[in-house]
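To start, the structure under review is shown below, and the notes come after it.
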Amino acid sequence: MRAIRIGYGYDVHKFAPDRKLILGGVEVPYEFGLAGHSDADVLLHAITDALLGALALGDIGKHFPDTDPKYKNVDSRVLLRDVYQIIGEHGYELANLDATVVAQLPKLSPFIDQIRETIATDLNTEIENISVKATTSEWLGFTGRKEGISASAAVLLIKKEG
């Protein structure tokens, strides 16, 4: 039996003017972007934390602190790929990913397939192993008031054969 590890990640960012909205490595047209030290890709941050958590390697802030100027406005795809390389160095690979984005607006369904493809590319896996869903919070809470976006992700890692 191959060793398996499960990880969970969660992130939230508030909306900010004069920024691009980047979700899952894809630019989504909207009047606001998300506030953050990096590009504030809430979905990729949740996935990155899930990957790190599966192997008890800390969180995104430990590996890429927001106090380090070299991560200012960094593309979160770079961070995700760096973490996935660490996962590989520990002898694991992704079996599957299941993620959910919670946003009242914008509507994300037109972008889901492109987001899945981008994530699959960055994690060197087939698109069938990547599930990304979008939902609203039915006008409740900060996402319902259109103050920001949250995302959660669960990953299953398996020990590489050989």
Side-chain angles (χ1 to χ4, degrees), residues 1-14 16 19-28 30 33-103 108-135 148-162:
M1 180 175 150
R2 293 171 74 184
I4 60 172
R5 302 292 295 256
I6 298 170
Y8 173 78
Y10 174 81
D11 197 29
V12 59
H13 285 273
K14 67 181 178 176
R19 288 189 61 120
K20 293 179 181 179
L21 178 59
I22 309 295
L23 292 172
V26 173
E27 185 175 341
V28 176
Y30 191 58
L34 294 171
H37 185 71
S38 66
D39 65 3
D41 188 328
V42 68
L43 176 56
L44 292 189
H45 293 181
I47 294 167
T48 301
D49 269 350
L51 289 166
L52 290 166
L55 296 182
L57 297 174
D59 62 20
I60 195 169
K62 176 182 175 182
H63 292 264
F64 312 104
D66 63 8
T67 55
D68 190 331
K70 76 178 178 182
Y71 300 119
K72 180 72 175 162
N73 295 319
V74 69
D75 182 339
S76 294
R77 291 182 70 191
V78 171
L79 307 181
L80 178 66
R81 289 189 298 256
D82 285 354
V83 163
Y84 196 59
Q85 182 174 338
I86 294 168
I87 298 304
E89 290 166 1
H90 280 80
Y92 283 84
E93 63 187 354
L94 182 77
N96 75 300
L97 158 70
D98 186 24
T100 303
V101 179
V102 181
L108 300 175
S109 56
F111 305 96
I112 295 295
D113 287 340
Q114 185 181 359
I115 290 169
R116 289 177 63 219
E117 288 176 18
T118 300
I119 294 168
T121 297
D122 289 345
L123 297 180
N124 195 31
T125 191
E126 302 297 320
I127 194 167
E128 296 81 27
N129 297 329
I130 306 297
S131 170
V132 175
K133 304 170 303 295
T135 190
I149 296 178
S150 69
S152 61
V155 299
L156 178 66
L157 302 182
I158 54 176
K159 193 78 167 170
K160 293 181 194 178
E161 292 182 347

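- Screening L51, N129, T118, V155 against L123 for a side-chain contact (heavy atoms from CB on, under 4.5 Å) leaves a single residue, L51.
- Every residue meeting the side-chain contact (heavy atoms from CB on, under 4.5 Å) condition with K20, not counting sequence neighbours, appears here in chain and number order: I22, E27.
- In this structure R116 satisfies the side-chain contact (heavy atoms from CB on, under 4.5 Å) test together with I112, D113, I127, I130, V132, sequence neighbours excluded.
- Closest approach of A151 and A46 over heavy atoms only: O-CB, 3.6 Å.
- Atom CG in L80 sits 11.0 Å away from atom OG1 in T121 (nearest 0.5 Å).
- Taking CZ of R5 as the start and CG of L55 as the end, the distance is 5.5 Å to the nearest 0.5 Å.
- Taking both residues in full, the closest heavy atoms of A40 and A35 are given as CB-O, 3.5 Å, listed atom of the first, atom of the second, then distance.
- Looking only at side-chain heavy atoms (C-beta outward), D49 and Y8 stay at 4.5 Å or farther from each other.
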Show the atom names and distances, to 0.1 Å, of all donor-acceptor pairs under 3.5 Å that link a side chain in residues 83-91 to residues at least two apart or in another chain.
unit_1 : atom_1 : unit_2 : atom_2 : d
Y84    : OH     : L94    : N      : 2.8
Q85    : NE2    : E89    : OE2    : 3.2
H90    : ND1    : I86    : O      : 3.0

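- One finds the CG atom of L43 at 10.0 Å from the CD1 atom of I149 (value rounded to the nearest 0.5 Å).
- Nearest heavy-atom pair, I115 versus G24, reported as atom, atom and distance to 0.1 Å: CG2-CA, 3.8 Å.
- Within the 4.5 Å cutoff, the side chain of T135 has heavy atoms near those of the T100 side chain.
- Taken to the nearest 0.5 Å, the OH atom of Y71 stands 12.0 Å off from the OG atom of S76.
- The minimum heavy-atom distance linking Y92 with K160 is given by the pair O-CE, 3.3 Å.
- Between the side chains of S150 and H13, no donor N or O sits under 3.5 Å from an acceptor N or O.
- Residues in residues 51-79 take part in these salt bridge (Lys or Arg N to Asp or Glu O under 4.0 Å) pairs, two or more places apart or across chains: R77-D122.
- The neighbour count for N124 CG, taken as heavy atoms of other residues, nucleotides or ligands under 6.0 Å away, does not exceed 12.
- The shortest side-chain heavy-atom distance between I60 and L79 falls under the 4.5 Å cut-off.
- V28 is linked by a side-chain contact (heavy atoms from CB on, under 4.5 Å) to L21, L23, P106, L108, F111, counting only residues two or more places apart in sequence or in another chain.
- Take A154 and apply the side-chain contact (heavy atoms from CB on, under 4.5 Å) test, not counting sequence neighbours, and it matches no residue.
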Practice problem: Please lay out, stage by stage, how H45 and S38 fare under the test side-chain hydrogen bond (donor to acceptor under 3.5 Å, both in side chains). | Solution: CA-CA 10 Å; H45 293 181; S38 66; 3.2 Å; yes
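- Between the CG atom in D11 and the OG atom in S152 there is a gap of 10.5 Å [rounded to 0.5 Å].
- H63 contributes a side-chain N or O that, together with a main-chain N or O of L57, makes up a donor-acceptor pair within less than 3.5 Å.
- Formation of a donor-acceptor pair under 3.5 Å by the D41 side chain with backbone atoms of G25 is found in this model.
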task: Quick one: do I119 and L97 satisfy side-chain contact (heavy atoms from CB on, under 4.5 Å)? Show the steps, please.
output: CA-CA 10 Å; I119 294 168; L97 158 70; 3.7 Å; yes
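- To the nearest 0.5 Å, atom OG of residue S131 and atom CG of residue N96 are 8.5 Å apart.
- Surrounding CD of E93 are more than 12 heavy atoms belonging to other residues, nucleotides or ligands, all under 6.0 Å away.
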Exercise for review: Determine, step by step, whether V102 and K133 satisfy the side-chain contact (heavy atoms from CB on, under 4.5 Å) criterion, reporting the C-alpha distance in whole Å, the side-chain angles of both residues, the deciding distance to 0.1 Å, and the verdict.
Suggested key: CA-CA 9 Å; V102 181; K133 304 170 303 295; over 6 Å; no
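- Between A153 and A50, the shortest heavy-atom distance links the atoms O-CB, 3.6 Å.
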